[in-house]
Protein chains: 2
Amino acid sequence: MGIIDNINKLFDHRIRLGIMSILMVYEDADFNRLKELLNLTDGNLASHVKALEQAEYILVQKSFVGRKPNTRYSATKLGKAEFIKHIQALEKLLNKNKEN
Amino acid sequence: MGIIDNINKLFDHRIRLGIMSILMVYEDADFNRLKELLNLTDGNLASHVKALEQAEYILVQKSFVGRKPNTRYSATKLGKAEFIKHIQALEKLLNKNKEN
DNA sequence: TAATTTAACTTTGTAATTCAAAGTACTTTA
DNA sequence: TAAAGTACTTTGAATTACAAAGTTAAATTA
């Protein structure tokens with residue numbers, strides 16, 4: 001088993017990593033907040049959240065805020081667990097052989 | 001400026017991240033060591049080290065060890081500096097808003 | 001000396017990924 | 001009624017990733 005095998009390929013991209021790290025800090029974030037924080041086009045954001053949604057790492061909730069449609073995203077239990085595993089794999093990789 | 005803009009695209013891939021993290025810990029590593037540690041095919045490893053070499057993040061040194069050809073890779077000053085910047089950007093992203 | 005092996009690639013070709021831009025549907029605001 | 005906002009989907013081009021096979025050159029083994 002290689003040392004990078006525990007790195008989750010879905011998180012091995014700055015945008016999805018960014019989305020998840022935002023959703024680890026905030027309970028939820030809506031489409032436009034993510035778009036602004038990550039500086040993305042609509043289509044690009046949509047495709048990345050879709051990938052995370054299909055993996056069931058995030059939950060999508062549609063509603064109306066006032067009269068406007070609003071889509072909120074939040075990390076699922078699975079998503080949070082996988083994200084933590086990913087970070088631990090990253091840390092392990094980066095701190096490799098500091099002691100042994 | 002988005003919060004992921006300081007993530008170096010060259011390092012935004014588990015294999016190249018793995019190569020660099022190895023070369024941050026060890027002065028150098030040869031082709032077969034990297035191949036084994038990262039569990040890669042020859043061609044795949046060759047293409048990733050080439051990308052890092054072209055960016056001048058790693059240095060390639062060919063020699064003979066005993067009677068066998070041997071290719072050693074080491075991180076350049078630039079590579080080390082960029083890697084550290086990348087890790088700091090990662091940490092910043094992952095610890096986002098822990099205090100503010 | 002001929003065949004095989006090892007090291008480190010390069011080439012090839014396919015598949016997947018990424019992304020901007022444009023298009024869509026619906027609603028609301030001017 | 002026109003323009004703008006929300007959240008997409010579609011399109012298409014470019015890039016990237018990867019395994020597998022081929023290559024080169026030297027070394028070893030038969």
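Order of the sequence lines sets the chain letters (A, B, ...), proteins ahead of strands, with each chain counted from 1.
- At the phosphate of C/dT18, OP1 or OP2 sits under 4.0 Å from a side-chain N or O atom of A/R16.
- Taking atom CZ of B/F64 as the reference point, atom C1' of C/dA7 lies 9 Å away to the nearest angstrom.
- The shortest distance between the side-chain N/O atoms of A/H13 and the OP1/OP2 oxygens of C/dT17 is not below 4.0 Å.
- A/T41 has a side-chain polar atom (N or O) that falls below the 4.0 Å cut-off from OP1 or OP2 of C/dA20.
- Contact annotation: A/R14 side-chain N/O to C/dC19 OP1/OP2 distance is under 4.0 Å.
- Where A/L40 and A/P69 each meet DNA chain C at their nearest nucleotide, the meeting point lying more 5' is that of A/L40.
- You'll find that the side chain of B/N70 is closest to C/dA8, out of D/dA7, C/dA8, D/dT6.
- Ionic pairing of A/K50 and A/E53 is not present here: no N-O contact between side-chain nitrogen and carboxylate oxygen is shorter than 4.0 angstrom.
- Contact annotation: B/N44 reaches the phosphate of D/dA19 (side-chain N/O to OP1 or OP2, under 4.0 Å).
- When the nearest nucleotides of DNA chain C are assigned to A/N39 and B/T71 by heavy-atom distance, the more 5′-ward of the two goes with B/T71.
- The interatomic distance linking A/R67 (CZ) with D/dG5 (P) rounds to 19 Å, in whole Å.
- Taking only side-chain nitrogens and oxygens, B/N32 comes nearer than 4.0 Å to OP1 or OP2 of C/dA8.
- Contact check, B/H48 against D/dC18: a side-chain N or O comes under 4.0 Å of OP1 or OP2.
- Note on ring orientation: taking the six-membered ring where Trp is involved, the planes of B/F31 and B/Y73 are tilted (angle from 30° to 60°).
- Atom-to-atom distance recorded for A/T71:OG1 and A/L45:CG is 10.0 Å, nearest 0.5 angstrom.
- Using modelled atom types, no side-chain atom of A/N6 and backbone atom of A/A89 make a donor-acceptor pair closer than 3.5 Å.
- As a whole-Å value, the separation of A/I19 CD1 from C/dC19 C1' is 14 Å.
- One finds no side-chain N or O of A/K50 lying less than 4.0 angstrom from the OP1 or OP2 phosphate oxygen of D/dA7.
- As a whole-Å value, the separation of A/L45 CG from D/dT10 P is 17 Å.
- The side chain of B/S47 places no N or O atom within less than 4.0 Å of a non-bridging phosphate oxygen (OP1 or OP2) of D/dA17.
- If you take CD of A/Q54 and C1' of C/dA16, they are 14 Å apart, rounded to a whole angstrom.
- Counting non-hydrogen atoms of neighbouring residues, nucleotides and ligands closer than 6.0 angstrom, the CD atom of A/Q61 exceeds 12 such neighbours.
- With B/Y57 as the aromatic partner, B/R16 does not meet the cation-pi criteria of under 6.0 angstrom to the ring centre and within 45 degrees of the ring axis.
- At least one side-chain nitrogen or oxygen of A/K62 sits closer than 4.0 Å to the OP1 or OP2 atom of D/dC8.
- Taking atom CG of residue B/L10 and atom C1' of nucleotide D/dT16, one finds them 12 Å apart after rounding to whole Å.
- Side-chain N/O atoms of B/Y73 include none lying less than 4.0 angstrom from OP1 or OP2 on C/dA8.
- Between A/R72 and D/dA7 there is no side-chain N or O to OP1 or OP2 distance below 4.0 Å.
- When distances are taken from the side chain of B/F31 to each of C/dT6, C/dA8, D/dC8, the shortest belongs to C/dA8.
- Note: CD1 (B/I15) to P (D/dA17) measures 8 Å, nearest angstrom.
- Whole-Å rounding puts the A/R33 CZ to D/dT6 P distance at 14 Å.
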